[in-house]
Amino acid sequence: MMEKIRLAVFASGNGSNAEAIMKYFQNHPKIEVAGLLSNNPEAYALERAKKFQVPTKVLDKNQFRECDEVLKWLNTNKITHIVLAGFLLLIPEKLINAFPDRIINIHPSLLPKFGGKGMYGMKVHEAVVTAGEKETGITIHLVNAHYDDGKILAQIKCSVLPADNAKSIAERVLQLEHEDYPKVIEQWASPAPSPLPWERGV
Ligand code: GAR
């Protein structure tokens with residue numbers, strides 16, 4: 001039998017996306033959430049993981065930057081893919097090289113708009129309001145060594161209405177995140193079906 005894909009979710013805060021992902025993959029035949037890592041011992045995401053009996057690990061900022069402890073944990077837990085869900089720290093190159101094209105992120109705007117260092121959570125939606133945007137949405141992308149910069153896998157839009165403020169936009173966008181991020185993760189991480197004989201050159 002084929003081994004399951006083992007996801008590690010990285011989360012720094014509330015963890016509503018982490019929860020949507022843990023829920024979606026709870027009884028999945030091919031993919032499981034095998035751990036949740038955080039840089040923040042107070043992150044509510046850790047409580048959510050406990051509810052789903054997902055093992056957790058907290059490492060500090062320096063350990064995430066130096067990466068050895070992170071890699072050790074990922075190897076011990078046989079992690080195959082990394083999912084960032086509201087994770088605040090920059091992913092070091094060493095980790096990107098160890099998991100090439102195997103780290104995915106979600107950002108609450110239509111990148112390249114309103115992305116980059118410091119653009120996180122409500123700040124993004126406030127910037128959308130200030131700029132008078134008529135639409136916003138989510139971007140799901142592969143992670144490279146720069147903030148919010150890797151190859152885009154999916155973008156889903158929603159409208160910004162005249163009566164909206166940052167909070168109402170955040171709610172609408174978060175809803176899209178919860179609905180679509182698990183599905184995009186599933187497609188991205190799913191193993192390709194076994195090749196047909198002629199594809200193998202037989
Ligand atoms: C989400 O909106 C996510 O897209 C955003 O942080 C929020 C985390 O919410 N991520 C970024 O801004 C990354 N630059 P959550 O902790 O409830 O999932």
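The model shown is predicted, which means the values in this text are computed figures rather than measured ones.
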I156 side, atom CD1; L176 side, atom CG - distance, nearest 0.5 Å: 6.5 Å
Identify whether the distance between the nearest side-chain nitrogen and carboxylate oxygen of E3 and K78 falls below 4.0 Å. no
Could you give the distance from NZ (K134) to NZ (K157), rounded to the nearest 0.5 Å? 14.5 Å
Taking all non-hydrogen atoms of both residues into account, name the closest pair between I152 and Q155 and its distance. CG2-CG, 3.8 Å
Are V143 and V70 grouped together when hydrophobic residues (ILVMFWY) are joined by side-chain heavy atoms under 4.5 angstrom apart? yes
Would a single hydrophobic cluster contain both I140 and I185, if residues Ile, Leu, Val, Met, Phe, Trp and Tyr are joined by side-chain heavy-atom contacts under 4.5 Å? yes
Let me check something: do I96 and Y147 share a hydrophobic cluster, defined by ILVMFWY side-chain heavy atoms less than 4.5 Å apart, either directly or through other members? no
Indicate whether the side chain of N39 and that of S12 have a donor and an acceptor atom separated by less than 3.5 Å. yes
For R48 and G15, the nearest pair of non-hydrogen atoms, with its separation, is CD-O, 3.2 Å
Same cluster (ILVMFWY, side-chain, under 4.5 Å), I82 and I31: no
Is there a side-chain contact between P55 and L36, using heavy atoms and a 4.5 Å cut-off? no
Distance col, row R65:CZ vs N62:CG, nearest 0.5 angstrom, shows 5.0 Å
How about F52 and I21: do any of their side-chain heavy atoms sit closer than 4.5 Å? no
Where is the tightest heavy-atom contact between I103 and W188, given as atom of each residue plus distance? N-CZ2, 3.6 Å
K57/E69 salt bridge by N-O under 4.0 Å criterion: no
Report the distance from atom CG of L111 to atom CG of D149, rounding to the nearest 0.5 Å. 9.0 Å
Pairwise distance CG(L174) to CG(N17) - rounded to 0.5 angstrom: 6.0 Å
Between V173 and E177, is there a side-chain heavy-atom distance shorter than 4.5 Å? yes
Would you mind reporting whether I79 and W73 have side-chain heavy atoms less than 4.5 Å apart? yes
Start with the C-alpha distance between L71 and L95, add both sets of side-chain angles, then the distance that settles side-chain contact (heavy atoms from CB on, under 4.5 Å), and finish with yes or no. CA-CA 7 Å; L71 282 171; L95 186 51; 3.8 Å; yes
For E126 and A166, the nearest pair of non-hydrogen atoms, with its separation, is CG-CB, 3.7 Å
Between Y24 and Y181, is there a shared hydrophobic cluster once you connect ILVMFWY residues whose side-chain heavy atoms come closer than 4.5 Å? yes
For the residue pair A170 and H125, what are the closest heavy atoms and their distance? CB-CD2, 3.5 Å
Within the 4.5 Å heavy-atom criterion, are S16 and H178 side-chain neighbours or not? yes
F99 and L74, any side-chain heavy atoms less than 4.5 Å apart: yes
When you compare the side chain of D68 with that of K94, does any pair of heavy atoms fall below 4.5 Å? yes
Heavy-atom side-chain proximity of F10 to L89 below 4.5 angstrom: no
Specify the closest pair of heavy atoms between A43 and S38, including all atoms of both residues, with the distance to one decimal. CB-OG, 3.6 Å
Salt bridge K50-E47, side-chain N to carboxylate O under 4.0 Å: yes
Any salt bridge linking E19 with K23? Criterion: basic side-chain nitrogen under 4.0 Å from a carboxylate oxygen. no
